[in-house]
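What follows is a single structure, written as structure tokens, with notes after it.
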Amino acid sequence: MAARPIWKGELKIGTTRIAVKLYSAVTDRTVRFHLLDDKSFLRVKQHMVDPDSGSEVPAEEITKGYEVEPGTFVVLTDKDLESLQPKPSREIEIAEFVPPDQVSQQWYDRPYYLGPNDGQDAYFALVEAMQKRNVEGIANWVMRNKAYIGALRAVDGYLVLCTLRAASEVLLAQQLPKPAGREPTQKEFAMAKQLVAAMEGEFNAAEYKDEYRERLLEFIEKKAKGHKPKLSRAKAKRASTSLDSVLQRSIAALKKGKKAA
Amino acid sequence: MSFGLVSVPVSLFPANQTNRASLRQLGPEGEPLARRYYSQKTERDLDADEIVRGFEIDTDKYVVVTDDELERLQPEKSRDIDLKAFVPEDAVPPLYFERGYFLTPESGSEKAYKLLAETMGKEDVAGIATFVMRGKEYLVAIFSDHGLLRAETMRFPDELRTPKEVGLPEKKKVPPATVRKFEKLIAGRSKKQFAGSKLQDEETEALLKLVKQKQKTRSNVIKAERESTDGKPAQVIDLMEVLKKSLSGKRS
């Protein structure tokens with residue numbers, strides 16, 4: 001079944017506009033639980049209480065506060081918070097295009113598909129032009145009272161808009177010291193290189209599935225039927241010995257595996 | 001973390017932090033409030049040990065799953081980040097990435113850690129692994145980044161929709177003249193570099209500015225007379241400091 005767009009807007013590059021629909025590219029498959037009261041097995045409800053008296057404070061008596069120092073709050077009214085919201089807009093403004101390697105892996109947050117809303121020519125022409133020039137667009141837009149910066153990418157012939165994190169939300173490796181300790185020897189580097197080469201392959205996403213999620217759902221299904229499946233506890237792992245000898249054994253094991261296959 | 005038969009004990013530290021300034025809910029006297037769960041039936045507040053976890057199999061019908069069962073469901077070696085393959089570094093599409101972590105070596109495993117980080121960096125490869133953390137299985141891509149190992153947790157392929165699943169129209173061939181028009185449009189706006197400093201969090205900045213402004217008027221400021229007992233204090237953890245300590249080999 002086709003997904004429903006979560007937002008409609010216009011891509012704006014200079015004076016050129018392309019009407020688009022935005023769809024989530026992600027489906028969350030996390031196994032979600034509800035909190036239940038252990039006697040009635042009904043869902044628990046939540047409310048806000050004064051921690052000292054334990055008595056409930058109704059929603060209309062609650063105010064919001066920003067803690068400026070421990071125990072001191074600046075009150076923010078709903079009106080204050082509304083005044084902070086960006087101006088609503090239907091434009092996704094693309095101000096610049098950059099080579100893909102200029103957008104750090106660490107910034108990518110959440111991907112959305114863009115689909116054409118009316119005319120398809122302009123949409124697919126932009127996809128083709130972006131592929132030809134090998135660029136990503138830097139996008140600014142406001143959606144549901146929140147301002148976003150994103151990367152516009154051409155992926156498999158379609159437009160994907162990925163929200164980006166703020167620079168201040170990302171820790172960079174270059175700001176951190178290198179780990180202390182001894183350097184590996186040349187011989188160890190040579191063996192590690194051999195080991196990595198032996199394990200090198202292509203990235204094929206289809207190879208990976210969430211086995212734990214499958215086990216969990218299977219278990220729930222069995223338990224629902226009244227069975228009590230046996231579960232054995234995970235075993236602890238042994239510590240390894242010298243790096244040199246373990247590298248050697250790893251390479252030997254891989255070679256053996258390859259011959260057998 | 002293990003590759004081949006080599007195991008490298010590591011710690012994980014988040015590489016992302018949220019700027020989102022959290023607002024506290026306050027009562028009529030300015031006292032910080034606490035969230036409590038209560039029973040629908042008795043309307044009494046519940047303690048943590050009176051709450052169980054249920055999976056809804058039908059409307060209001062649940063299968064209860066205990067902590068112990070969840071733990072036992074974790075596969076053997078679940079805590080191991082078992083590197084299954086090395087792939088070219090640019091082969092993993094960033095659309096898969098969810099959250100970043102830095103891996104730091106446990107004391108005694110620095111040499112094996114450096115060996116892996118430096119070899120991966122020289123060969124321009126990323127490692128692909130799966131592991132279980134806090135009751136969830138993760139697929140991760142591990143990158144060598146300035147002498148450190150950085151893991152990006154990834155969405156599983158069935159968590160990313162395909163254009164077909166979304167219902168996007170079939171690809172369409174468009175007149176070359178239209179493509180050229182867009183190429184021109186792109187060329188006119190192309191930059192060689194993109195400065196990360198442009199990724200500002202204006203929302204948080206605006207909130208903090210408003211807070212500062214309101215703070216000047218005394219009536220906007222509330223001092224809670226009582227120390228909140230279970231309200232979590234706004235404890236700010238300096239991730240950078242924690243990481244630096246861990247990398248220097250000192251115990252925190």
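So that the names make sense, note that chain A is the first sequence line, chain B the second, and so on, each numbered from 1.
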Under a 4.5 Å cutoff for heavy-atom pairs, which residue among [options] has the most contacts with chain A?
options	result
Met120(B), Lys136(B), Gln200(B)	Lys136(B)
Pro28(B), Ala206(B), Ala141(B)	Pro28(B)
Pro169(B), Ser197(B), Ala112(B)	Pro169(B)
Val179(B), Val63(B), Val125(B)	Val179(B)
Arg53(B), Lys41(B), Glu110(B)	Arg53(B)
Lys122(B), Lys212(B), Gln193(B)	Gln193(B)

Where do Gly137(A) and Phe97(A) come nearest, in terms of heavy atoms and distance?
CA-CD2, 3.6 Å
Here the pair of heavy atoms bringing Asp121(A) nearest to Val174(B) is O-CG1, 3.4 Å
Which region of [X], side chain (C-beta onward) or backbone (N, CA, C, O), has a non-hydrogen atom less than 4.5 Å from a non-hydrogen atom of chain B, or is it both or neither?
X	value
Phe41(A)	both
Lys21(A)	neither
Glu211(A)	both
Ala95(A)	backbone
Leu247(A)	both
Leu84(A)	side chain
Ala224(A)	both
Val155(A)	side chain
Tyr66(A)	both
Thr30(A)	both
Met130(A)	both
Ile18(A)	side chain
Val196(A)	both
Val170(A)	both

Nearest 0.5 angstrom please: [X] [atom1] to [Y] [atom2], how far?
X	Y	atom1	atom2	answer
Ser2(B)	Asp80(B)	OG	CG	5.0 Å
Leu148(B)	Leu247(B)	CG	CG	5.5 Å
Leu164(A)	Arg110(A)	CG	CZ	14.0 Å
Thr119(B)	Lys114(B)	OG1	NZ	12.5 Å
Asp37(A)	Thr42(B)	CG	OG1	6.0 Å

Is a salt bridge present between [X] and [Y], judged by a nitrogen-to-oxygen distance below 4.0 Å?
X	Y	result
Arg213(A)	Asp158(B)	yes
Lys111(B)	Glu183(A)	no
Glu56(B)	Arg43(A)	yes
Lys45(A)	Glu43(B)	no
Asp210(A)	Arg29(A)	no

Side chain from CB out, backbone as N, CA, C, O: work out which of these in [X] comes under 4.5 Å of a heavy atom of chain A, or both, or neither.
X	value
Leu115(B)	both
Phe143(B)	side chain
Val87(B)	both
Ile57(B)	side chain
Pro14(B)	backbone
Ile186(B)	both
Lys61(B)	neither
Gln215(B)	both
Leu46(B)	side chain
Asp45(B)	side chain
Glu203(B)	side chain
Leu23(B)	both
Glu152(B)	side chain
Lys184(B)	neither

Side chain to side chain contact (heavy atoms under 4.5 Å, CB included) against Val98(A), all qualifying residues, sequence neighbours excluded:
Glu96(A), Gln102(A), Val103(A), Ile138(A), Lys191(B), Phe194(B)
Checking Ala25(A) now: which residues fulfil side chain to side chain contact (heavy atoms under 4.5 Å, CB included) with it, not counting sequence neighbours?
Pro111(A), Tyr113(A)
Consider only side-chain N and O atoms of [X] and [Y], and report whether a donor and an acceptor are under 3.5 Å apart.
X	Y	result
Thr130(B)	Lys84(B)	yes
Asp80(A)	Ser83(A)	no
Arg155(B)	Tyr138(B)	no
Ser245(A)	Gln248(A)	no

Any idea which of [options] has the most non-hydrogen atom pairs under 4.5 angstrom with chain B?
options	answer
Gln175(A), Glu136(A), Arg32(A)	Gln175(A)
Lys64(A), Lys178(A), Gln106(A)	Gln106(A)
Gly201(A), Gly115(A), Ser40(A), Gly157(A)	Gly201(A)

Decide yes or no for Val6(B) and Ser250(A): does some side-chain heavy atom of the first lie under 4.5 Å from some side-chain heavy atom of the second?
yes
Any side-chain heavy atom of Ile220(A) sitting closer than 4.5 Å to one from Val31(A)?
yes
Between Tyr38(B) and His47(A), how do the two ring planes meet: parallel, tilted or perpendicular, split at 30° and 60°?
tilted
